[in-house]
Amino acid sequence: MAKSQLEVLSALDLAKTQLYHFTAIVIAGMGFFTDAYDLFCISLVTKLLGRIYYTVGDKPGSLPPNVAAAVNGVALVGTLVGQLFFGWLGDKMGRKRVYGMTLMIMVIFSICSGLSFGHEPKFVIATLCFCRFWLGFGIGGDYPLSATIMSEYANKKTRGAFIAAVFAMQGFGILAGGMVAIIISSAFKARFSSPDFATVGAASTVPQADYVWRIILMFGAIPAAMTYYWRMKMPETARYTALVAKNAKQAAADMSRVLQVEIHEEPEKVEKITMEEKNSFGLFSKKFLHRHGLHLLGTTSTWFLLDIAFYSQNLFQKDIFSAVGWIPPAATMNAIEEVYRIARAQTLIALCSTVPGYWFTVAFIDRVGRFKIQLMGFLFMTIFMFGLAFPYHHWTLKENRIGFIIMYALTFFFANFGPNSTTFVVPAEIFPARLRSTCHGISAAAGKAGAIVGAFGFLYAAQSQDKTKTDHGYPPGIGVKNSLIMLGCINLAGALMTFLVPESNGKSLEEMSGENEEDDAVPSSDSRTVPV
C-alpha cells in the first residue's frame, strides 16, 4: 500500500511540460552529443592513421589488428570503467557535483587526443590510446548521471520521452562527426591535392594529412566546453537532496525556484522516510537482491546482449559501402579522399537509419511503453539478422545488394527504435534514489562489455574460414554467415531477458523502487513483467 508522497516529489511528478524540462534535455543531451562524437569519430580516421604511420611497400597502409583493436577499443574500456566509478560516485557525492567532473575530463582529453606526440608510430599510437582511455572514462560518467538527472527532473507522464530524447542526441553526435570530417577533409583536399596511391604510392599521403585526424578528434571538446557553464548552474535533483542527502529545506527551495511554485519543506516526513529500514538497504544486501536482483539482471543482460549486436555492425559495413560505390578500392584514392568517402558514407547511414530510430522511440515510448518497444526491437533485429544470414550468398550477388542495404538499415533502425534506447531509459527509473546512479552505471558497463565483444570478438569471428581470404593480419574465423546466425540468437536471448525488466510507464520513480510503500512488502506485481 502506497503512502502519501513528499510534496516536492509530487510537484515534479505532476508538473506540466515546461521550459526547464527542455533546458535539462539540452544540457544533458549535449553531453551525449559529445559522447557519441568522441566515441564514433575514431572510426573515421583509422584508415588515415594506417596510411600515415603504417604504409610499407606497394599497398596503402592499414593498422595492424592489435593496433586497430587498441585504437578503437581503448575508449570503450575507459567508458566501462567510468560508468562504474562515476555511477557509484553520483550516489555518494550528488549528481551535480560529479556531472561537472565528467565534462571537464572529456574536454581535456578530447584536446589531448589530437595532440598525441612522437615521430615513431608506436609513440603516437601509445599516447593516443592513453588519451582516449581517459576520454572514455569521462564519457562513461555521462551515462548514469545524464539518465539519472533527467529521470529525477521529469514528470511521470512524459519521463520516458525526456530520457530517450537525451539519449537520442547520440544520433546527432554521430551525424556531426561525419559532417565535421567531410568539411575538414574537403578543405584539406582542395588545399593539398595529390594523386591516388596507385599513381604515386606513399606520396599520395601529403604531410598535412597528419593535421586532419587531429582536428577531427579535437573538435569534440567544443560542444562539451560550451555546456559546462549550464551544467554548473543546474540545481541538484530534489530526489537526491531529499531522499539521499536528507535536506528537505534545500530540496523544496531548489524546486520552488525551478517550478516557480511554493513547496513546503516537510523535514519530519523526509526524516521518517529516510530512516525506515526498507529505505536504507545497500546494493549487496539480501533485501536488494529480493527486491531488485532480477531487475538488475534484466537491465544488465539486455544491455550486454544488445550491444554485442549493435557494435557488430562493422561486420558488413565494408560490404555495403563497396557495393554501392561509396568507398572505392583504397589504391584508387589518396589518404584525404579516403577520409572524405568514409565520412560521407557513415553520415548517410546515420541520416537514413540511426537518427530516425532514436526519435521514433522518443515519440512512442510513453504511449506504447518500454517493455513492448524493447521486445519488438529485439524480435525485429532477430528476424532481420536471420534474414541476412541464411540466404547470405543471395545478398552478396551484385543484383541483390540494394536489398542487402535495406535489410541492414532496418536492423539498426529497430535497434534504435527498440533496445538501444530502452536499455538506457529503464535503469534510471526502477531503482531507489540512493542506488539509482550506481545501478544505471552497472547496467551501462555491462553494455560496454557487450560492445567490446561485438566490436572485436566478432571482427575476428567473421573472418573467412579460408585463411587465404582473411583480412590482412587476421586468423581464420567462422565466416560472416555463421556470425550473423550467432547474432540473431543473441538478439533472441535479449528478447527473452526483457521479461525480467519491469514496465515503468506512467508510474512515479518511488512507486517503481518501492520507496513509497507503506510496509516492507515488495512493490506490487503490476509493476513487473514477470512474477518474482
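Quick note: numbers below take in every heavy atom, side chains included, and nothing from hydrogens, waters or symmetry partners. All residue numbers refer to positions in the sequence shown, counting from 1.
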**OP:** Can you see which heavy atom on Thr34 is nearest to which on Gly220, and at what distance?
**Re:**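 Scanning both residues, the minimum pair turns out to be CG2-O, 3.3 Å.
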Subject >> Distance-minimising heavy-atom pair for Ser110 and Asp38 >> reply: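 For Ser110 versus Asp38, the nearest heavy atoms are OG-OD2, 3.3 Å.
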Is it true that, when you exclude [X] itself, more than 12 heavy atoms of the residues, nucleotides or ligands shown sit nearer than 6.0 Å to its [atom1]?
{"X": "Phe456", "atom1": "CZ", "answer": "yes"}
{"X": "Met497", "atom1": "CE", "answer": "yes"}
{"X": "Met232", "atom1": "CE", "answer": "yes"}

Ring centres of [X] and [Y] under 6.0 Å apart?
{"X": "Phe137", "Y": "Phe85", "result": "yes"}
{"X": "Phe172", "Y": "Tyr358", "result": "no"}
{"X": "Phe384", "Y": "Tyr408", "result": "no"}
{"X": "His292", "Y": "Phe431", "result": "yes"}

**OP:** Nearest 0.5 Å please: distance from the CZ atom of Arg370 over to the CD1 atom of Ile163.
**Re:**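 It is 7.0 Å, given to the nearest 0.5 Å.
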Subject >> Inter-residue atom distance Met169.CE - Leu175.CG, 0.5 Å rounding >> reply: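 Going from CE on Met169 over to CG on Leu175, the span is 11.0 Å.
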Original post:
Is it true that Lys507 and Glu429 have a side-chain N and a carboxylate O under 4.0 angstrom from each other?
Top reply: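 Salt bridge absent between Lys507 and Glu429.
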[X] side chain vs [Y] backbone, donor-acceptor pair below 3.5 Å:
{"X": "Asp142", "Y": "Gly138", "result": "no"}
{"X": "Gln346", "Y": "Gly178", "result": "no"}
{"X": "Ser256", "Y": "Val261", "result": "yes"}
{"X": "Thr158", "Y": "Ala161", "result": "no"}
{"X": "Tyr143", "Y": "Ser443", "result": "no"}
{"X": "Arg95", "Y": "Leu145", "result": "no"}
{"X": "Gln18", "Y": "Lys16", "result": "yes"}
{"X": "Thr300", "Y": "Ala446", "result": "no"}
{"X": "Tyr240", "Y": "Gly94", "result": "yes"}
{"X": "Asn155", "Y": "Ala15", "result": "yes"}

Original post:
Do the ring planes of Phe162 and Phe22 sit parallel (below 30°), tilted (30 to 60°) or perpendicular (above 60°)?
Top reply: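 Answer is perpendicular, since the angle exceeds 60°.
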**OP:** Using the six-membered ring wherever Trp is involved, compare the ring planes of Phe424 and Phe167 and label them parallel, tilted or perpendicular (cut-offs 30° and 60°).
**Re:**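 Plane angle under 30°, so parallel.
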Original post:
Does a side-chain heavy-atom distance below 4.5 Å link Thr422 with Thr302?
Top reply: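 No; the side chains remain at least 4.5 Å from each other.
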**OP:** Please examine the side chains of Ile383 and Phe414, heavy atoms only from C-beta on, and report whether any two atoms are closer than 4.5 Å.
**Re:**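 Counting from C-beta outward, Phe414 and Ile383 never come under 4.5 Å.
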Original post:
How would you list, by chain and number, every residue that makes a side chain to side chain contact (heavy atoms under 4.5 Å, CB included) with Ala445, sequence neighbours excluded?
Top reply: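 Partners of Ala445 under the side chain to side chain contact (heavy atoms under 4.5 Å, CB included) test: Leu80, Gln83, Leu84.
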Subject >> Test side-chain contact (heavy atoms from CB on, under 4.5 Å) applied to Phe219 and Leu217, Ile222, Ile216, the passing residue >> reply: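 Only match with Phe219 under side-chain contact (heavy atoms from CB on, under 4.5 Å): Ile222.
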Subject >> Partner of Glu152 by salt bridge (charged side-chain N to carboxylate O under 4.0 Å, His left out), out of Arg239, Arg436, Arg159, Lys96 >> reply: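 Only one of Arg239, Arg436, Arg159, Lys96 forms a salt bridge (charged side-chain N to carboxylate O under 4.0 Å, His left out) with Glu152, namely Arg436.
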Original post:
Any chance the side chains of Thr241 and Gln250 put a donor and an acceptor closer than 3.5 Å?
Top reply: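 No donor-acceptor contact under 3.5 Å links the two side chains.
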Subject >> Those residues that, when tested against Tyr99, pass ring pair (Phe, Tyr, Trp, His ring centres under 6.0 Å) (two or more places apart) >> reply: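 Counting only residues at least two positions away or on another chain, Tyr99 forms no ring pair (Phe, Tyr, Trp, His ring centres under 6.0 Å).
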